[in-house]
Structure formats: structure tokens, C-alpha cells
Amino acid sequence: MLKVRYFAWLRQRVGRAEEEVDPPREIATVRALAAWLGERHPRFAEALAEPGVVRFAVNRAYVAEDAVIRPGDEVAFFPPVTGG
Amino acid sequence: MLKVRYFAWLRQRVGRAEEEVDPPREIATVRALAAWLGERHPRFAEALAEPGVVRFAVNRAYVAEDAVIRPGDEVAFFPPVTGG
Amino acid sequence: MTVRVQAEPFDAAAEIAAFLAGRRSSGGIASFIGVCRDEHGGTPVSAMTLEHYPGMTEAEIGRIEDEARRRWPLHDVLVVHRCGRLLPGEPIVLVLTASAHRAAALDACAFLIDWLKTRAPFWKLEETAEGERWVDARDSDEAAARRWQHAAA
Amino acid sequence: MTVRVQAEPFDAAAEIAAFLAGRRSSGGIASFIGVCRDEHGGTPVSAMTLEHYPGMTEAEIGRIEDEARRRWPLHDVLVVHRCGRLLPGEPIVLVLTASAHRAAALDACAFLIDWLKTRAPFWKLEETAEGERWVDARDSDEAAARRWQHAAA
């Protein structure tokens with residue numbers, strides 16, 4: 001099981017702030033998880049297709065797309081930040 | 001007549017904060033005035049001899065040593081500033 | 001605690017007063033206050049909601065602060081950042097730095113806000129007469145953060 | 001009046017509060033506060049007297065401010081500088097800038113204090129256990145001011 005979180009307009013596109021998912025074993029990286037989630041959420045898949053639009057975090061720290069995910073991880077997807 | 005002002009340790013060396021002076025006509029620049037004042041105040045002459053130690057202002061604005069002085073001007077001599 | 005993320009409005013001047021109190025060895029105190037503006041790109045903005053990622057926000061600002069302390073000899077750092085709904089004129093963010101001399105305080109303050117802008121997980125949703133809109137990330141913010149990559153302390 | 005030179009202590013936080021009041025279109029407010037330190041070069045300092053050149057000081061800070069306004073789109077600038085005798089912990093100088101965006105506010109604030117340090121006619125006399133001593137101008141201040149000579153706005 002993984003906890004997946006979405007923020008800002010990505011959250012609105014997916015239609016939820018978070019979900020618990022249980023992807024098959026071969027889904028081992030953030031990139032693979034994102035593609036697998038894109039099958040459930042077409043508008044998330046659209047955003048993923050645009051380069052540089054989606055940022056990734058695992059357990060509340062930035063990671064690259066090829067970061068490995070493990071059961072129990074919290075994986076977050078969000079647009080470029082606009083605070084400060 | 002000119003008003004001459006000294007600040008900080010230059011004031012202490014000269015022994016006064018300001019004076020009214022009436023130099024001869026040929027004293028036409030800040031450099032010439034400083035040399036002329038140095039004859040009266042040997043410790044001011046010492047400071048003038050060290051490069052970069054004395055700054056010059058005429059009528060409350062920085063000037064270069066070759067700036068022309070006119071009767072009624074306020075000429076100031078002071079060390080590099082240390083405010084802020 | 002030098003990083004605070006809060007839904008309640010904060011008084012930037014009062015934070016600065018508390019930060020200054022009793023400080024006798026820090027010769028330089030620099031601050032940046034980001035304020036909610038009443039317009040953006042020519043469109044009046046009536047309010048703004050700052051969404052963030054609780055937990056990651058504090059952790060990320062903590063990492064940014066660690067990096068600043070590694071680069072400059074800082075006596076103290078304070079970062080306060082609003083979340084939730086804000087009105088124009090309200091402070092969004094306060095960054096405060098203290099050092100013995102001014103260059104470290106000024107540079108660290110600019111570094112902190114530049115990095116915070118591009119790394120801290122906040123997202124601005126503006127309310128305008130035409131409805132709500134998410135603020136786009138600016139390339140100039142990325143450029144501002146990048147200039148610190150090769151900067152020596 | 002955006003430049004003040006005064007013998008009376010000032011409350012930097014209160015100045016910032018007044019500067020912020022009612023400000024809804026300035027997204028970035030930067031400040032620098034220079035504080036009288038309780039030591040210098042390892043020697044305890046019990047007090048400091050700031051001598052200045054009345055009339056030229058205000059004029060020179062005004063020229064520095066004009067230059068900053070020429071370089072950056074500033075909404076407002078405030079400079080307050082003490083003269084006379086100060087105790088450790090008291091603010092010496094406050095520089096405040098307001099602009100629509102942060103880069104202009106931060107850069108102008110750093111520029112103002114760098115130029116003020118090398119151009120405004122103030123001289124510091126420190127009181128230590130060994131007596132009084134005039135503070136020497138620092139080469140690093142000259143270098144800090146010089147870096148703005150070729151900087152674009």
C-alpha cells in the first residue's frame with residue numbers, strides 16, 4: 001500500500017487530495033507509479049505528458065522521477081511551487 | 001573668505017572643527033588650499049601626505065582634489081567614512 | 001523553533017521587534033517581507049489562498065535554512081509563512097537573518113527567499129472578479145534561485 | 001521625508017510597522033538594520049559616538065536614494081541613521097525599501113547600505129576599556145560598493 005497525495009490544480013484535476021493505492025509489484029519507481037495512476041485519472045496523465053509541469057516527492061522530500069518507491073511510502077505529485 | 005571644516009580624527013589633529021580663512025588669490029583649488037592649510041597645521045599636512053587618507057567636499061558634496069574653490073565656499077576635509 | 005507555517009495572520013514588525021530584543025553582538029539584521037498584493041498582472045486580486053503540504057513545507061524550509069547556515073556565519077534565522085486565506089496587505093512571508101556583519105545577513109536573506117520561492121511546497125490561488133486562478137510559477141524565480149548554485153559563501 | 005538623521009534612539013520595528021501600514025501594492029519589503037555591537041575585533045565596546053557632517057549627510061543620502069530610485073522601480077524608501085552617542089544593541093541605521101516584486105526591494109536595500117557605508121559622512125568613535133578609538137574604514141566596504149558600479153538595474 002502507498003499513500004498518494006495531490007496538490008493545487010493537480011488535486012483539482014484528479015478530483016481528490018489523496019488516495020491509498022496498492023499497485024502491482026512491478027511499479028517500482030515514481031515514474032512508473034505516475035504512469036499507472038494516469039490510467040485511472042486521465043487528466044493527471046495529461047499533466048504528466050507536459051514536460052516540467054509535475055513535481056515529485058517521496059516521504060516529504062523532493063525526488064527525481066526514477067526514485068524507488070517502497071510499501072508504506074507517501075508519494076506526492078504537485079505543480080511548480082508558488083509560495084513566498 | 002572660506003569656511004573650512006574638519007571631521008573625526010582629522011578634526012582632533014588640527015585641533016579645531018572649523019575656521020574662517022582668507023587665502024591669497026593664487027590658492028584656487030582644493031589641493032592648493034589643503035597645502036596652504038598644512039603650513040598652519042603640521043599634523044594636517046602629515047595626513048595629507050598619506051595617500052587616500054583625506055577626503056574632500058565643497059559645499060557639502062564630494063569633489064576631487066583639483067576642484068576649483070571660490071570665495072564663500074565651505075570646504076571640508078575628513079577621513080574615509082565609517083557609518084552605517 | 002525558527003520556521004513557522006501558520007494560518008493566523010502575523011505582525012511582521014512585532015516579529016522583528018522580538019528578533020531584535022537583547023541582540024548586542026549581531027551587527028547586521030536583514031529582513032524580507034512578502035505582502036499579498038491587491039493586483040496581479042493588471043487584474044485586481046481580492047484575496048488569496050495559500051495551499052501547502054504540511055510536514056513537507058516545514059521540512060523543506062528547514063533544509064533551506066540549514067543550507068543558508070552552512071554558507072554564511074548566521075547568529076539567527078526566522079522564517080514565518082502564512083497558509084490559508086489572506087487579504088491584500090497581509091504579510092505572506094517573513095525572512096529574518098542576523099549576523100555579525102551586513103554582507104552575510106543580506107546575502108543569506110536573499111538566498112532564503114529565493115530558495116523558498118522555488119522549493120517550499122506552497123501554491124497560490126487568487127480570487128479575482130473573473131473567479132479563482134492558480135498563480136503560475138515564474139521563470140524569473142527559477143533564475144533567481146539558480147544564481148546561488150555557484151555562489152561562494 | 002525619507003531620510004532622517006537623528007540623535008534620539010529609534011525603534012526599528014516601529015518604523016517598519018509604520019512603513020508597512022496600508023501597503024497593498026508593494027509585494028516586497030526589504031530592510032537592513034545595523035546594530036551597535038558590543039565588541040569589535042575582539043575588544044569589548046561599551047559605547048560608540050557617531051560624528052557626522054550635518055547638511056552634507058542628508059544631501060549625500062538623498063543622492064544615494066535618487067540613484068537607487070533611478071536603478072530600481074521602488075514604491076518607497078526610508079533611511080534612518082543615528083548620530084551622537086549609542087549603546088550596544090541600539091540600532092545605528094535602518095534602510096527600508098518597497099517594490100512590487102522582491103528582487104528590486106532586496107537589491108536596492110543592499111545597494112543603499114553599501115553606498116551609505118562608503119559615501120555618507122559619518123565617523124564612528126568607539127569607547128573601550130583602553131580608551132577611545134576611531135573605527136578604520138574597511139577595504140571590504142569599498143569592494144562591496146564597487147560591485148554596484150557595473151550592475152544593471
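Letters A, B, ... mirror the listed sequences (proteins, then strands); counts begin at 1.
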At a heavy-atom distance under 4.5 Å, which candidate from Ala12(D), Ala100(D), Cys36(D), Ala110(D) has the highest pair count against chain C?
Ala100(D)
Considering non-hydrogen atoms only, spot the tightest contact between Phe19(C) and Ala98(C) and give its length.
CE2-CB, 3.7 Å
State the CG-CD1 distance between Leu94(C) and Ile29(D), to the nearest 0.5 angstrom.
11.5 Å
Any salt bridge between Arg71(C) and Asp107(C), counting N to O under 4.0 Å?
no
Is chain D contacted by the side chain of Arg102(C), its backbone, both, or neither, given a heavy-atom distance below 4.5 Å?
both
Residue part contacting chain C, namely of Ser26(D), when any heavy atom lies under 4.5 Å:
backbone
I'd like to know if Glu15(D) and Arg4(D) make a salt bridge, using a cut-off of under 4.0 Å between side-chain N and carboxylate O.
yes
Only pairs of heavy atoms separated by less than 4.5 Å count here; which of Cys109(D), Ala17(D), Ser25(D), Gly28(D) has the most with chain C?
Ser25(D)
Closest non-hydrogen atom pair, Ala104(C) against Trp72(C):
CA-CD1, 3.8 Å
Part of Ile113(C) within contact of chain D (heavy atom distance under 4.5 Å):
both
What I want to check is whether the side chains of Thr43(D) and Glu130(D) have a donor and an acceptor closer together than 3.5 Å.
no
Of the listed residues (Gly89(D), Ser31(D), Gly34(D)), which shares the most heavy-atom pairs with chain C below a 4.5 Å separation?
Ser31(D)
Here the pair of heavy atoms bringing His81(D) nearest to Leu50(D) is CE1-CD1, 4.1 Å
Most heavy-atom pairs under 4.5 angstrom with chain C, which of Gly27(D), Ala103(D), Ala13(D)?
Gly27(D)
Based on non-hydrogen pairs under 4.5 Å, which of Leu20(C), Asp38(C), Val45(C) is most in contact with chain D?
Asp38(C)
Whatever's closer than 4.5 Å to a heavy atom in chain D on Ala30(C) counts as both
Structural part of Asp114(D) lying under 4.5 Å from a heavy atom of chain C:
both
Need one label for Ala14(C): side chain, backbone, both or neither, based on atoms under 4.5 Å from any heavy atom in chain D.
neither
Check this for me: does any side-chain nitrogen of one of Arg63(C) and Glu67(C) sit under 4.0 Å from a carboxylate oxygen of the other?
no
